[in-house]
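Heads up: the structure comes next, in structure tokens.
Naming: A, B, ... by sequence-line order, numbering from 1 per chain.
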Protein chains: 2
Amino acid sequence: MKKGHQVTMKEIAKKLGVSVSTVSRALKDSPELHEETKRKIVETAKEMNYQPNLLAQSLRISRTKTLGVIVPEITSHFFASCISGIQDFANKRGYNVMICQSNESIDQEIANIKTLVASQVDALMISLSRETNHYEHLFELYNREIPFVLFDRVHEDIPVSKVTFNDAGGAYQVTNHLLETGCRSIVYVSGPEDLYISKKRKEGYLKALREYGIEENPDFIKVTDLTEADNIRIAKEIAAMNPLPDGVFCMIDPLAVDVLTYWKSVGIKVPEQIALAGFTNNPTSGVVEPPLTTVSQPGYEMGKLAVSHLLDQLDGLVSDDPISIVLDTTLVPRKSSQRSI
Amino acid sequence: MKKGHQVTMKEIAKKLGVSVSTVSRALKDSPELHEETKRKIVETAKEMNYQPNLLAQSLRISRTKTLGVIVPEITSHFFASCISGIQDFANKRGYNVMICQSNESIDQEIANIKTLVASQVDALMISLSRETNHYEHLFELYNREIPFVLFDRVHEDIPVSKVTFNDAGGAYQVTNHLLETGCRSIVYVSGPEDLYISKKRKEGYLKALREYGIEENPDFIKVTDLTEADNIRIAKEIAAMNPLPDGVFCMIDPLAVDVLTYWKSVGIKVPEQIALAGFTNNPTSGVVEPPLTTVSQPGYEMGKLAVSHLLDQLDGLVSDDPISIVLDTTLVPRKSSQRSI
DNA sequence: CTGTTAGCGCGTTCAG
DNA sequence: CTGAACGCGCTAACAG
């Protein structure tokens, strides 16, 4: 299949017997043009359904007005929300967006960066894959002076702006909530330990415990690789503890849902026997039975802030010095942690 | 912030004292080159970290190897799955993807088409917004000979390839299932009536009833605009029917979940008093209580098929004649329709 | 085997 | 007020 021909300035110039530069000037409403010829040109341009070729334009000014975005998983509701925020505010400022997903693979992440850079995007917005444990590709971007920001899944050592949630704070909120409702033996279920968010949320968990004078107990910290199978393994492990803990804080909602589902299948009652809480406030979390206590992270807002800051930097509205934007989370208490005190 | 400079063929040509075309040839491994100079060029290109400028390349060959995708809502799990499938298979064939969302607005849809076309995408993949009720913009694409396909939310009169689900078939499956489990007074809750899928699903619903010798009853067909408020209005309306219907088929899962949530709040038991079923198999539907009977629509698969067919057409592997690809759905029976017969 | 020339579509000199 | 010439980065046809 061959693409239909697009009208160029050249053609409308020929049709009107003027030069291409005159057409160019008329189309950008240059003041130094005879009103009559200008009108004529604009009119026939419309008539011929002329659309400027952004490619040629970009090549000329060496700016594409396009941003590249890389997320681990587009099907995750959280990242989809981020993208939505990014798109809306990028468009508002005249930028387009190219989206890639790394599928949680560092190789794919590197490949994505490569194609986006080859496509001459003006800047990148990256949320790192779960697998990313070395950072040469990011340092290379930095060294090549290609502007980019990191959001949500960041790495601290890279000298660029970062937008994150106050993960420690959110974990503190939810652990504190469990403590307030009377829990005293609280398990933390963590994702892969080298993940930034795993660490930060553990920090908040421990801080809340400390404030209640409860000391850290290694047996109460479990680690899953976040696959369903491994999540269920953890759920079993907790179910076998004697005595049962009275509260469980899962690092992320889908994990909590897996645990809850397993427990329901073996007759463990939430919240009567164990209070349960997650993190992120996925749409799913509000409709499980019982509804899951969690912490909400507004993805749309994160996307909006990240892109706005990046464009501010690109447009020279703010300094290029990297900054760190930290968004607050909100506790969403639901039935899964509602214990009689 | 200014973007770092990218190495061009010109620079590596200068450095080596050869012409730009020689560099070009070396880089694409042309056979008619002295092995030694070729080696030398490739080597220093690597050294200088040369990356070809896709923009210039595209301008030259007037093909961008980029596809434009427009979906109503990127945060919908179904459309996110479609996008995922599109991306994976587009990349596999050397194409990039630019994604836009119309936010269910026809004006945004038109604007998206415009920017994607201006960006010189080689083809478009469009799923229409809920609001789209006239089609000039699509006919214009067609007249301008810009290749595109429609998927999921299609309009029949446009002479391009379409990929859809067998909506009538799916509705038939689920209605038939309700009938088999003993329901005899089944309400169909429809979305906006001019929506293609509203009509098709109603067709399937009516066909199943007919086969059981049950005649159409207008009181048993409700219409919502799919906002939460309106969904709840319908839930109330059904709850007030006397006698209660014994089964309800909601056109789409989120609607069914809204209805279920309301009923639970007023003490109506599902499936004991009313069997309930939805459509689409959202992740949410499997975890509500009771789990929702529904019909699964594999979005990833749809994206994959749509993009593969489009690229086949672009690459001349199949005829340009429009075809219609219809994907089958699968009944997912769950507890919400599990009645003792 | 390699350099020169031309042109993709556009915008910006620099001349008239 | 308008046209001709040049260059963005790259490739291909045409000469040597």
Side-chain angles (χ1 to χ4, degrees), chain A residues 2-42 44-45 48-66 115 117-122 144, chain B residues 2-42 44-45 48-66 115 117-122 144:
Chain A
K2 55 174 190 293
K3 244 181 76 180
H5 177 70
Q6 308 276 27
V7 179
T8 71
M9 298 201 324
K10 196 177 181 178
E11 299 173 58
I12 105 161
K14 197 166 88 184
K15 182 159 191 172
L16 261 53
V18 295
S19 83
V20 186
S21 25
T22 304
V23 175
S24 170
R25 281 188 271 251
L27 259 27
K28 59 187 331 228
D29 202 28
S30 160
E32 40 169 317
L33 263 204
H34 195 60
E35 271 306 325
E36 179 55 18
T37 54
K38 190 196 287 189
R39 202 191 47 69
K40 192 84 186 163
I41 291 172
V42 171
T44 61
M48 296 175 73
N49 203 355
Y50 168 78
Q51 298 282 112
N53 183 327
L54 254 47
L55 232 59
Q57 232 164 248
S58 299
L59 183 61
R60 175 98 195 27
I61 62 177
S62 37
R63 282 207 335 182
T64 52
K65 287 265 189 179
T66 298
T115 51
V117 168
S119 300
Q120 309 294 116
V121 294
D122 289 345
R144 292 179 64 181
Chain B
K2 55 176 193 291
K3 244 181 75 178
H5 177 70
Q6 308 275 28
V7 179
T8 71
M9 299 202 325
K10 197 179 182 178
E11 299 174 57
I12 105 158
K14 199 166 88 182
K15 183 159 191 171
L16 261 53
V18 296
S19 84
V20 185
S21 27
T22 306
V23 176
S24 171
R25 280 187 272 248
L27 260 26
K28 58 188 331 229
D29 201 29
S30 159
E32 40 170 316
L33 263 205
H34 195 60
E35 271 305 326
E36 179 56 15
T37 55
K38 189 195 288 187
R39 201 191 48 69
K40 192 83 186 164
I41 289 173
V42 171
T44 62
M48 297 176 71
N49 203 355
Y50 168 79
Q51 298 283 114
N53 184 327
L54 254 50
L55 233 60
Q57 230 165 254
S58 298
L59 182 60
R60 181 76 187 54
I61 63 178
S62 33
R63 282 205 338 179
T64 52
K65 287 263 190 180
T66 299
T115 52
V117 168
S119 299
Q120 309 294 118
V121 293
D122 289 346
R144 293 179 63 182

- Message: Counting C-beta onward and ignoring hydrogens, is there a side-chain heavy-atom pair between A:Q57 and A:L54 closer than 4.5 Å?
- Response: yes
Which side-chain N or O atoms in residues 13-23 of chain A pair as donor and acceptor under 3.5 Å with protein atoms at least two apart or in another chain?
unit_1: A:S19; atom_1: OG; unit_2: A:S21; atom_2: N; d: 3.4
unit_1: A:S19; atom_1: OG; unit_2: A:S21; atom_2: OG; d: 3.1
unit_1: A:S19; atom_1: OG; unit_2: A:T22; atom_2: N; d: 3.3
unit_1: A:S19; atom_1: OG; unit_2: A:T22; atom_2: OG1; d: 3.1

- The side-chain hydrogen bond (donor to acceptor under 3.5 Å, both in side chains) partners of B:E35 (sequence neighbours excluded) come to none
- Within-4.5 Å side-chain heavy-atom neighbours: B:Q6 and A:V117: yes
- Item | N/O donor-acceptor pair under 3.5 Å between B:S62 side chain and B:L59 backbone | no
- Degree of bending in the helix from C:dC1-D:dG16 to C:dG16-D:dC1 once both end axes are built from five pairs, to 10°: 60°
- How does protein contact run along nucleotides 8-15 of chain C, one letter per nucleotide 5' to 3', with B for base contact, S for sugar-phosphate only, - for none, heavy atoms under 4.0 Å? BBBBBB--
- Message: Suppose we screen for side-chain contact (heavy atoms from CB on, under 4.5 Å). Which residues come up paired with A:R63, at least two apart in sequence or across chains?
- Response: A:I61, A:K65, A:Y95, A:D122
- Roughly how far, to the nearest 0.5 Å, is CG of B:L55 from CZ of B:R60? 14.5 Å
- Item | Worked verdict on A:N53 versus B:Q120 for side chain to side chain contact (heavy atoms under 4.5 Å, CB included) | CA-CA 7 Å; A:N53 183 327; B:Q120 309 294 118; 3.4 Å; yes
- Please name all residues satisfying salt bridge (charged side-chain N to carboxylate O under 4.0 Å, His left out) with B:R39, sequence neighbours left out, ordered by chain then number. B:E36, B:E43
- Scan B:T37 against the nucleic acid and name what it touches under 4.0 Å (heavy atoms): base, sugar-phosphate only, or nothing. sugar-phosphate
- Task: Using whole Å, report how far CD of B:E36 lies from C1' of C:dC1.
- Result: 14 Å
- Message: For A:T8, give me all partners under side-chain contact (heavy atoms from CB on, under 4.5 Å), at least two apart in sequence or on another chain.
- Response: A:K10, A:E11
- Message: Please identify the 5'-most and 3'-most nucleotides of DNA chain D with any atom under 4.0 angstrom from a heavy atom of chain A.
- Response: D:dC1 to D:dG9
